[in-house]
Amino acid sequence: DLYLEGSDQHRGWFHSSLLVSMGVQGKAPYHTVLTHGFVVDENGNPYSKSDIEKNRAAGKKTSYTEPEAVLAKHGAELLRLWVASTEFRSDIAYTQTLLDGLTEWYRKFRNTARYLLGNVGDFVPDAHPLADAALTDVDRCMVARLDDVVHRIRAAYDAFELHVVHRLLVDFVTVDLSAIYADVVKDRLYADAAAAPSRRAAQAVLYEALRALTTLSAPIMAFTAEDIWRHMPKRTGDPASVHLALAPAGAPLDPASDTARLWARLIEYRERVTAALEPFRAQKNKSLDARVTITPTAADRPLLAPRLGELADLLIVSEVTLTAEDAAEPRIVVGPHGGHKCDRCWKWFAALSTEEQGICPRCYQAVHSLPPPPATI
């Protein structure tokens, strides 16, 4: 199916096999040939076993890190990540600096998986399918971006582009999932009632992301994916091992689609507000202490006006308002909310619950949805 060797085999194994097979069978001996470069050090010099042994015998220092040492310190996953992260068609760098960087990424991946597992611990996939969830527009955008990255990762696997798989996983986990979506839904996950539709919707999206990341990373991070799969909630009929599970199919996201354009504009406003919040935060305030007033462009007003509540969550502030006028370029004004702070969710409101002192109506409902504490003797 696949011949895999270095570029020196174009006139070696690849060529001789082809000639013999054509002569004997009348067809090529392989469906695909994949050629990789040579493994080189930080100076671009190819590693040579004989040179390394010769230098060591002469007492010279070498920068070569034995794979056995990597296995002993970090496990096989790190070597798998190194292979997957390389652009194999050119020469492949193998240095301690690269290994250290991959160690950081591996830690990030594990921590993200742990965060996702923790937040879907009470989630039952069969009882709360994504199709029935009360998704917000931000949730729908996230699902669309997840479907797109899944589609692109599967296409990269089909083309043996493991470095593209690696890059897509890194970008999605660090940016879309950790830096944006997990931050946005944190309030829903922690402060909503456990069975609230808004919390279940966020869990449904996080579960789909966890399932996709686990199955798609399994060919590279074989042991880690198996650990995650063992601990995550399952659907009826799921196999015991991730290596027997099917990855989702995904779907491409058209950059010109309404979903893609909405996400791009929302993220642009998030970046603008984040910059405008810096002086406010520098005065010992938290972003939830803020009310943000936006003067949007005329084109953006129809996007923002129906989504002010979602926008407050996306921006991690307590309230967002729009001015009556439009501007050629968006203008952002940040100031203290000036209302009343909820002791439970730390958001600010014009008025708190009239039924319980110190908390907002949403938190009152969440607190009183909890089962009563067990009786004490």
Side-chain angles (χ1 to χ4, degrees), residues 115-116 118-123 128 133-142 177-206 266-267 269-294 304-323 332-374:
Y115 168 84
L116 293 173
N119 279 290
V120 298
D122 66 333
F123 183 73
H128 306 288
L135 301 178
T136 66
D137 285 331
V138 170
D139 294 334
R140 293 187 186 90
C141 287
M142 186 63 186
L177 192 54
S178 298
I180 298 177
Y181 189 72
D183 202 26
V184 170
V185 299
K186 188 165 51 180
D187 179 70
R188 277 195 271 164
L189 293 169
Y190 298 166
D192 278 0
S198 55
R199 181 172 181 268
R200 292 300 188 205
Q203 285 184 305
V205 176
L206 292 179
L266 290 177
I267 294 304
Y269 273 92
R270 178 181 163 97
E271 291 171 353
R272 288 176 180 270
V273 170
T274 298
L277 279 167
E278 284 306 311
F280 184 75
R281 292 166 63 95
Q283 298 172 5
K284 307 298 184 183
N285 296 306
K286 293 181 171 58
S287 63
L288 280 178
D289 297 336
R291 174 189 281 117
V292 171
T293 303
I294 300 175
L304 302 183
R307 301 179 173 92
L308 293 182
E310 281 189 65
L311 202 57
D313 288 340
L314 181 67
L315 306 177
I316 322 296
V317 298
S318 284
E319 188 177 357
V320 176
T321 60
L322 302 182
T323 60
I332 312 294
V333 176
V334 175
H337 187 278
H340 304 276
K341 184 177 181 180
C342 174
D343 292 337
R344 182 171 178 270
C345 69
W346 297 358
K347 283 187 172 182
W348 292 73
F349 300 87
L352 296 177
S353 171
T354 57
E355 300 181 75
E356 186 162 338
Q357 188 175 2
I359 59 176
C360 65
R362 188 267 302 258
C363 285
Y364 174 81
Q365 293 295 330
V367 168
H368 286 272
S369 70
L370 298 172

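Side chains are part of it too, since the values below use all heavy atoms of this structure and drop only hydrogens, waters and symmetry mates. Numbering of residues begins at 1 and proceeds along the displayed sequence. Every value quoted in this text rests on a predicted model; they were computed, and no experiment measured them.
Taking CZ of Phe280 as the start and CZ of Arg291 as the end, the distance is 10.5 Å to the nearest 0.5 Å. For the atom pair CD (Glu310) and OG1 (Thr136), the distance works out to 4.0 Å, reported to the nearest 0.5 Å. Rounded to the nearest 0.5 Å, atoms NE2 (His340) and CH2 (Trp348) are 9.0 Å apart. To the nearest 0.5 angstrom, Leu315 atom CG is 8.5 Å from Leu266 atom CG. The structure places SG of Cys363 at 6.5 Å from CZ of Phe349, a figure rounded to the nearest 0.5 Å. Interatomic distance, Gln283 CD to Glu278 CD, rounded to the nearest 0.5 Å: 11.5 Å.
Remark: side-chain polar atoms of Arg188 are not paired, donor with acceptor, to backbone N or O of Arg199 under 3.5 angstrom. Judged by distance alone, the side chain of Glu319 and the main-chain N or O of Ala312 form no donor-acceptor pair under 3.5 Å. Panel note: side chain Arg270, backbone Leu314; a donor-acceptor pair is recorded below 3.5 Å. Listed for the Ser318 side chain is a donor-acceptor partner under 3.5 Å among the backbone atoms of Leu288.
Contact check on Arg307 versus Asp313 returns no salt bridge, with no Lys/Arg side-chain nitrogen under 4.0 Å from an Asp/Glu carboxylate oxygen. Salt bridge annotation for Lys347-Asp289: absent, with no cationic side-chain nitrogen under 4.0 angstrom from a carboxylate oxygen. Arg362 and Asp187 are joined by a salt bridge, as a carboxylate oxygen and a charged side-chain nitrogen come within less than 4.0 angstrom of each other.
Take Arg344 and apply the salt bridge (charged side-chain N to carboxylate O under 4.0 Å, His left out) test, not counting sequence neighbours, and it matches no residue. Here Tyr364 pairs with His368 under the ring pair (Phe, Tyr, Trp, His ring centres under 6.0 Å) rule; sequence neighbours left out. In this view, Lys186 and Asp183 satisfy the side chain to side chain donor-acceptor pair (under 3.5 Å) rule, not counting sequence neighbours. Residues satisfying the side chain to side chain donor-acceptor pair (under 3.5 Å) criterion with Ser369, sequence neighbours excluded, are absent altogether. Among residues two or more places apart in sequence or in another chain, the side chain to side chain donor-acceptor pair (under 3.5 Å) test is passed with Thr323 by Thr295. In this structure, the side chain to side chain donor-acceptor pair (under 3.5 Å) partners of Ser198, at least two apart in sequence or on a different chain, are Asp192.
Between Cys345 and Cys360, the shortest heavy-atom distance links the atoms SG-SG, 4.0 Å. The minimum heavy-atom distance linking Ala201 with Asp139 is given by the pair CB-OD2, 4.0 Å. A pairwise comparison of heavy atoms in Leu189 and Ala202 identifies CD2-CB, 4.0 Å as the closest pair. Contact record, Ala290 with Leu277: CB-CD2, 3.9 Å, taken as the closest heavy-atom pair. In terms of heavy atoms, His128 sits closest to Phe123 at O-CZ, 3.2 Å. Closest heavy-atom contact between Ser178 and Ala182: O-CB, 3.9 Å.
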* To do: Show your reasoning for whether side chain to side chain contact (heavy atoms under 4.5 Å, CB included) applies to Leu177 and Leu206.
  => CA-CA 9 Å; Leu177 192 54; Leu206 292 179; 4.2 Å; yes
* Evaluation steps, side chain to side chain contact (heavy atoms under 4.5 Å, CB included), between Val333 and Val292 -> CA-CA 6 Å; Val333 176; Val292 171; over 6 Å; no
* Asked: Checking side-chain hydrogen bond (donor to acceptor under 3.5 Å, both in side chains) for the pair Asp122/Gln203: CA distance, chi angles, key distance, verdict?
  -> CA-CA 9 Å; Asp122 66 333; Gln203 285 184 305; 2.6 Å; yes
* To do: Output, in order, the C-alpha distance, side-chain angles, deciding distance and verdict of side chain to side chain contact (heavy atoms under 4.5 Å, CB included) for Leu304 and Leu311.
  => CA-CA 8 Å; Leu304 302 183; Leu311 202 57; 4.1 Å; yes
* Test side chain to side chain contact (heavy atoms under 4.5 Å, CB included) on Arg272 and Ile294 and set out the steps. => CA-CA 10 Å; Arg272 288 176 180 270; Ile294 300 175; over 6 Å; no
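Within the 4.5 Å cutoff, the side chain of Pro336 has no heavy atoms near those of the Asn285 side chain. Residues Leu308 and Thr321 fail the side-chain proximity criterion, which asks for heavy atoms closer than 4.5 Å.
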